[in-house]
There are 2 protein chains.
Amino acid sequence: MQNSFTEENYLKIIHSLSGREGVEVSTNALAESTSTRAASVTDMLRKLAEKGLIHYKKYQGVRLTDSGEKVAIKVIRKHRLWEVFLVEKLGFGWDEVHDIAEELEHIPSEILVEKLDTFLGHPRFDPHGDPIPDAKGNLTEPDYTILTDIQVGEKVLMMGVLDHAPSFLQHLDRSGITLGAVIEVKEINEYDKSASVQINGGQTLFISLEVSKNLLVQRR
Amino acid sequence: MQNSFTEENYLKIIHSLSGREGVEVSTNALAESTSTRAASVTDMLRKLAEKGLIHYKKYQGVRLTDSGEKVAIKVIRKHRLWEVFLVEKLGFGWDEVHDIAEELEHIPSEILVEKLDTFLGHPRFDPHGDPIPDAKGNLTEPDYTILTDIQVGEKVLMMGVLDHAPSFLQHLDRSGITLGAVIEVKEINEYDKSASVQINGGQTLFISLEVSKNLLVQRR
DNA sequence: TAAAAAATTTAGACTAACCTAAAAATATAT
DNA sequence: ATATATTTTTAGGTTAGTCTAAATTTTTTA
């Protein structure tokens, strides 16, 4: 039995909100993320539970079943592959692709996804540094560190972002902070935790705590 | 105001059923093509008329308005561009792409279509030989001739198909009849109008009237 | 630990797109 | 030209996904 566009979205959002440990997701959190009302979420949760896609006990929050997890990961795989296509092949900016990929991710056709994956050369990461699950549904989260956890003097590689908002990504573009950039933390301001960082051994710039909190980096 | 997936489909089908002269399309024909019941079609026609997308008088059949025509042509442009993508870039066969393109054609984003068009090198025809409308909505039908109108002794170029059914296309594949092939009509059987044709100056084969009726060719 | 606040669910409605059955309009045939 | 057949529309209903308002459960606070 096929899942609807809307059902797929709920599963994807439950996946992302429940994090790596598969923690319970609240009705209100889902209402917020789906831009609907809590009452609508409750209706949908009952349906998803009946289909065996989520574990759901009234008032207790919700968690994906193995079968729900599978569906969610397939959607995420499609989303991220399409994002690669849009950026690498069509020349979109990383700040422009999210909404279009939200639509493309629901196109149903296993063969399409696999041919797209091959066409793109089996990319491991999407344009925001998020890992792309493989065809079997294996999704291995890289051990990224948030920039706020990096000490003064350390040199790290910029590997991803937590916030995918266009305005944030555009801000990074203007600062010259791209995936793969080398970031050296020169100084941290005790008062507001803003940082002074050097990009690729060149330009030094100040970044606010808000920005640091959303940058995923890797020690080398 | 945005049109729904379903509305776009009705407009596209009205376009194709009303042919080049913009003839009236009947409710029953639409019910057939949309795989719904006539009563459902009537509901949708009332809605499309209210939106100014069709001319509709009860019991009189239906015709696209200029604004409906614009929407239909945009959908057709997207459908055909995606088909080119699926065949040229992803390696699908021309018999495999229709259903997937039916989904992709409804992805909303003007920029996406234009970037896709550029990526594909502004193709003029889709994998079945159908012309692709340009960004301004100009759709010029080439002057194809149906193979049944070709006389014995004439040499023509295979340029398109009327029937897009996978089984028909696969039959052509097995016969070596591809777009661009040179077809020379060697003989026409008076009794059943089947023909004997030579492909690319090589193999000679017999094709039934049913096949001839669905082959679009061009005199040179 | 009882009262207040917050979160969640239930009840009842709405819209889009579909359905069946019956009525009305148009077309065909005698 | 009237009777019959066909086509189309109307009437009333269904499902998915949403809503608001009210009721219920859980959590927090005093």
Side-chain angles (χ1 to χ4, degrees), chain A residues 1-15 17-19 23-64 68 71-72 75 102-103 105-108, chain B residues 1-15 17-18 23-64 68 71-72 75 99 102-103 105-108:
Chain A
M1 138 229 338
Q2 268 276 94
N3 301 298
S4 72
F5 188 106
T6 310
E7 288 169 343
E8 286 189 353
N9 266 336
Y10 271 86
L11 295 173
K12 182 187 64 173
I13 290 170
I14 293 167
H15 177 94
L17 291 180
S18 70
V23 85
E24 253 79 22
V25 178
S26 77
T27 299
N28 265 359
L30 281 169
E32 165 92 42
S33 292
T34 56
S35 301
T36 61
R37 299 319 185 99
S40 311
V41 172
T42 301
D43 284 350
M44 181 56 82
L45 295 185
R46 192 157 8 79
K47 182 159 54 139
L48 293 173
E50 252 160 41
K51 286 183 130 188
L53 295 164
I54 58 173
H55 295 292
Y56 171 55
K57 265 172 283 173
K58 284 204 271 185
Y59 299 99
Q60 304 293 124
V62 78
R63 210 159 35 81
L64 293 176
V71 175
V75 175
E102 288 287 290
E103 304 280 335
E105 73 188 8
H106 302 291
I107 302 285
Chain B
M1 142 230 330
Q2 268 278 98
N3 302 298
S4 72
F5 188 106
T6 310
E7 288 167 344
E8 286 189 353
N9 267 334
Y10 271 86
L11 296 173
K12 182 187 62 172
I13 290 170
I14 293 167
H15 177 94
L17 292 180
S18 70
V23 84
E24 253 78 22
V25 177
S26 77
T27 300
N28 265 1
L30 281 169
E32 166 91 41
S33 292
T34 56
S35 302
T36 62
R37 299 319 185 97
S40 312
V41 172
T42 301
D43 284 350
M44 181 57 83
L45 294 185
R46 193 157 7 79
K47 182 158 55 137
L48 293 173
E50 251 160 43
K51 286 182 131 190
L53 295 164
I54 58 173
H55 295 291
Y56 172 54
K57 264 173 284 174
K58 284 204 269 182
Y59 298 99
Q60 304 294 124
V62 78
R63 210 159 36 78
L64 293 177
V71 175
V75 176
D99 291 352
E102 288 287 289
E103 304 281 334
E105 73 189 8
H106 302 290
I107 302 285

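Within every chain, numbering begins at 1; the chains are lettered A, B, ... in the order of the sequence lines, protein sequences first and strands thereafter.
- Between A:Met44 and A:Leu30, every side-chain heavy-atom pair lies at or beyond the 4.5 Å cut-off.
- In this structure, A:Met44 places its CE atom 11 Å from P of D:dC19, rounding to the nearest Å.
- Across the protein-nucleic acid pair, B:Asn9 atom CG and C:dA16 atom P stand 17 Å apart, rounded to whole Å.
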Scan nucleotides 7-14 of chain C against the protein and return all N/O pairs shorter than 3.5 Å with their distances rounded to 0.1 Å.
residue : atom : partner : partner atom : Å
C:dT8   : OP2  : A:Asn28 : N            : 2.7
C:dT9   : OP1  : A:Tyr56 : OH           : 2.4
C:dT9   : OP1  : A:Tyr59 : N            : 2.9
C:dT9   : OP2  : A:Thr27 : OG1          : 3.0
C:dT9   : OP2  : A:Thr42 : OG1          : 2.9
C:dT9   : OP2  : A:Tyr56 : OH           : 3.4
C:dT9   : O4'  : A:Tyr59 : OH           : 3.4
C:dT10  : OP1  : A:Lys58 : NZ           : 2.6

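- In this structure, CG of B:Asn3 is placed 19 Å from P of C:dT15, rounded to the nearest angstrom.
- Taking 4.0 angstrom as the limit, B:Arg37 places none of its side-chain polar atoms (N or O) nearer than this to OP1 or OP2 of C:dC18.
- The stretch residues 54-64 of chain A participates, sequence neighbours left out, in these side chain to side chain donor-acceptor pair (under 3.5 Å) pairs: A:Glu24-A:Arg63.
- Rounded to whole angstrom, the span from the CD atom of B:Glu50 across to the P atom of C:dT15 amounts to 13 Å.
- Of all non-hydrogen atoms in B:Thr36 and B:Tyr10, the two that sit nearest each other are OG1-OH, 3.7 Å.
- In plain terms, the two heavy atoms of A:Ala72 and A:Leu11 that are nearest each other are CB-O, 3.7 Å.
- Side-chain atoms of A:Asn9 and A:Thr34, non-hydrogen and from C-beta on, never get closer than 4.5 Å to each other.
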Side chain to side chain contact (heavy atoms under 4.5 Å, CB included) assessment of A:Leu48 paired with A:Val62
CA-CA 10 Å; A:Leu48 293 173; A:Val62 78; over 6 Å; no
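- Summarising the geometry, the separation between CD on A:Glu24 and P on D:dT26 is reported as 14 Å, rounded to the nearest angstrom.
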